[in-house]
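Every heavy atom of this structure was used, including side-chain atoms; hydrogens, water molecules and symmetry mates were not. Every chain is numbered from 1 and lettered A, B, ... according to where its sequence line falls, protein lines coming before strand lines.
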There are 2 protein chains.
Amino acid sequence: MRTEAREETKRKFIDFLEEKNLRITDQRRIIIDIVFDTEEHFTADQLLEWARQRDRSVSRATVYRTLPLLTESNLVHEMDFGKPYKFYDPNYSDHPNHNHLICENCEKIVEFDSEQIDSIENEIGQKLGFTVKSQKLQLSATCDKLKKSGVCDNKASN
Amino acid sequence: MRTEAREETKRKFIDFLEEKNLRITDQRRIIIDIVFDTEEHFTADQLLEWARQRDRSVSRATVYRTLPLLTESNLVHEMDFGKPYKFYDPNYSDHPNHNHLICENCEKIVEFDSEQIDSIENEIGQKLGFTVKSQKLQLSATCDKLKKSGVCDNKASN
DNA sequence: ATAAGTGCAAATCATTTGCAATGTC
DNA sequence: GACATTGCAAATGATTTGCACTTAT
């Protein structure tokens with residue numbers, strides 16, 4: 001089931017490329033497979049590394065040229081955590097309204113949805129005379145276990 | 001009253017420098033005056049430009065070296081809107097919980113507070129097992145006037 | 001055939017840093 | 001006088017781009 005969902009997302013991206021008369025090259029196929037087979041957030045650099053494990057010929061330029069296509073298609077979400085490089089989220093189409101909590105200790109990123117926040121946002125937008133198009137909520141936090149035991153549970157799973 | 005508040009903030013920053021055994025130079029004094037005399041959000045580049053209007057000798061390096069001091073002191077807030085440069089918010093200490101709405105059309109930044117959102121955030125953090133330390137909520141939006149009349153009200157005031 | 005895509009290397013651009021000179025405490 | 005600070009120019013690091021060659025359609 002999980003797998004089927006991913007395959008469908010890949011299909012959607014390929015359709016997106018075809019609609020724009022863009023070509024499905026070996027390099028793009030590799031990148032697509034990697035991006036939609038992972039559940040993790042990744043950086044351009046990580047994606048390049050993974051792609052090169054499958055095919056050494058994939059270049060940094062191609063990765064950087066493909067990333068904007070992925071975000072344009074709305075199947076991948078670009079995120080800025082104040083670091084000098086961007087993060088990409090391949091689970092975006094499943095949960096287009098999710099928000100992020102980052103552990104200050106281990107940088108683990110936790111996603112969550114909140115309809116409550118969504119509705120407050122729209123309300124605020126209205127009050128200010130705007131139509132809210134998209135939202136980003138980032139919480140920085142420390143996990144409670146860390147404070148109690150001095151060990152961050154998430155360290156391992158990151 | 002507005003003016004007094006600003007002067008107090010300057011004072012706080014100078015205290016901060018003194019506590020760290022850092023020196024109060026002409027360049028820093030100029031930067032401090034500019035930063036806390038404005039209500040606008042600014043970039044490093046804008047700050048440099050403003051500073052140079054008062055004293056041509058202020059260098060880019062000094063601006064970039066002073067900015068981290070300002071954010072460390074918690075009197076100025078650094079913000080990332082996904083652009084390749086950062087924005088700085090000099091009103092942070094007045095409203096440490098404020099959130100931002102950016103007009104997609106004119107890049108005008110509107111601030112707002114929301115106790116509702118604050119409390120939901122804490123609730124979510126708890127549920128996930130975290131203690132929320134800080135939060136960033138950014139809304140991208142288009143103003144309603146723009147859609148109706150084709151003119152964005154905020155264009156002028158930006 | 002033709003227009004899009006690729007790798008490479010060079011270019012950008014915001015930000016950072018080494019260094020010798022200068023200023024503050 | 002000791003040590004922080006400055007301006008300058010060079011370095012960094014992520015991302016972008018020009019170009020000549022290659023490939024998908």
Side-chain angles (χ1 to χ4, degrees), chain A residues 13-35 41-73 76-88 107, chain B residues 13-35 41-73 76-88 107:
Chain A
F13 185 62
I14 289 176
D15 289 348
F16 170 85
L17 292 178
E18 282 173 347
E19 272 167 37
K20 292 201 131 199
N21 284 320
L22 301 178
R23 290 164 189 179
I24 296 149
T25 61
D26 291 348
Q27 292 85 344
R28 281 185 181 160
R29 230 187 289 272
I30 290 169
I31 290 173
I32 295 168
D33 279 343
I34 289 172
V35 166
H41 301 73
F42 56 85
T43 62
D45 204 57
Q46 268 166 51
L47 178 53
L48 173 65
E49 199 185 307
W50 293 335
R52 280 195 159 154
Q53 285 172 10
R54 301 206 193 176
D55 184 339
R56 293 225 52 76
S57 85
V58 178
S59 73
R60 182 168 244 99
T62 295
V63 165
Y64 274 109
R65 283 176 181 130
T66 305
L67 249 7
L69 295 173
L70 286 162
T71 56
E72 256 179 68
S73 75
V76 169
H77 190 52
E78 188 181 270
M79 301 181 304
D80 221 303
F81 288 115
K83 316 232 162 184
Y85 40 82
K86 306 225 173 84
F87 285 81
Y88 295 87
E107 291 196 349
Chain B
F13 185 63
I14 289 175
D15 290 347
F16 170 86
L17 292 179
E18 283 172 347
E19 272 167 39
K20 293 202 131 199
N21 285 318
L22 301 179
R23 288 162 189 178
I24 295 148
T25 61
D26 291 349
Q27 292 85 344
R28 282 187 181 158
R29 231 187 290 273
I30 290 169
I31 290 173
I32 295 168
D33 279 345
I34 290 171
V35 166
H41 301 73
F42 56 86
T43 61
D45 203 59
Q46 266 167 52
L47 177 54
L48 174 66
E49 199 185 308
W50 291 336
R52 281 196 158 153
Q53 286 172 10
R54 300 206 193 173
D55 183 339
R56 293 227 50 78
S57 85
V58 178
S59 73
R60 191 171 288 278
T62 295
V63 166
Y64 274 108
R65 284 177 181 126
T66 306
L67 247 8
L69 295 172
L70 288 162
T71 56
E72 257 178 68
S73 75
V76 169
H77 190 52
E78 187 181 270
M79 301 181 302
D80 220 302
F81 288 114
K83 315 233 162 185
Y85 40 84
K86 305 223 174 83
F87 285 82
Y88 296 88
E107 292 195 349

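- Between the CG atom of B/L17 and the C1' atom of D/dA4 there is a distance of 12 Å, rounded to whole Å.
- Qualifying salt bridge (charged side-chain N to carboxylate O under 4.0 Å, His left out) partners for A/D45, counting only residues two or more places apart in sequence or in other chains: A/R60.
- Note: B/F87 and B/Y85 have tilted aromatic rings, judged against thresholds of 30 and 60 degrees for the angle between ring planes.
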Acceptor/donor pairs from residues 46-54 of chain B side chains to any protein atom, 3.5 angstrom cut, sequence neighbours excluded:
unit_1	atom_1	unit_2	atom_2	d
B/R52	NE	B/V58	O	2.9
B/R52	NH2	B/V58	O	3.4

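- Expressed to the nearest 0.5 Å, how far CG of B/L69 lies from CD1 of B/I31 amounts to 9.5 Å.
- We find the CD1-CZ distance between B/I14 and B/R29 to be 6.5 Å, quoted to the nearest 0.5 Å.
- For the pair A/I24 and A/E18, the minimum side-chain heavy-atom distance is below 4.5 Å.
- Of the inter-residue distances, the one linking A/D15 atom CG with A/S73 atom OG reads 11.0 Å to the nearest 0.5 angstrom.
- Within residues 50-65 of chain B, the residues that place at least one heavy atom under 4.0 Å from DNA chain C are, in residue-number order, B/R60, B/A61, B/Y64, B/R65.
- Pairing each heavy atom of A/Y88 with each of A/L67, the nearest pair is CZ-CG, 3.7 Å.
- Taking atom CG on B/L69 and atom P on D/dA4, their separation rounds to 13 Å, with Å as the unit.
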Check nucleotides 23-25 of chain D against the protein and report each pair of N or O atoms closer than 3.5 Å, with its distance, or say if there are none.
unit_1	atom_1	unit_2	atom_2	d
D/dA24	N3	A/R23	NH1	3.2

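- Of all nucleotides in DNA chain C, those with any atom nearer than 4.0 Å to a heavy atom of chain B start and finish, going 5' to 3', at C/dA14 to C/dC25.
- Bending across the helix from C/dA1-D/dT25 to C/dC25-D/dG1, expressed as the angle between its end axes from five pairs apiece, amounts to 30° (10° rounding).
- Distance, A/E78 CD to D/dA14 P: 15 Å, rounded to whole Å.
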Subject >> Step-by-step side chain to side chain contact (heavy atoms under 4.5 Å, CB included) determination, B/T25 to B/T62 >> reply: CA-CA 11 Å; B/T25 61; B/T62 295; 6.0 Å; no
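- B/I31 has its CD1 atom 11 Å from the C1' atom of D/dT5, to the nearest Å.
- To the nearest 0.5 Å, atoms CG (B/L70) and CD1 (B/I32) are separated by 7.0 Å.
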Original post:
Does the pair B/F13 and B/R28 meet the rule for a side chain to side chain contact (heavy atoms under 4.5 Å, CB included), with working shown?
Top reply: CA-CA 10 Å; B/F13 185 63; B/R28 282 187 181 158; 5.8 Å; no
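- Atom OH of A/Y85 is separated from atom P of D/dT16 by 17 Å (rounded to the nearest Å).
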Original post:
Can you check side chain to side chain contact (heavy atoms under 4.5 Å, CB included) on A/K83 and B/D80, steps first, answer last?
Top reply: CA-CA 9 Å; A/K83 316 232 162 184; B/D80 220 302; over 6 Å; no
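- In this structure, B/T43 OG1 and B/K86 NZ are separated by 12.0 Å, a value rounded to the nearest 0.5 Å.
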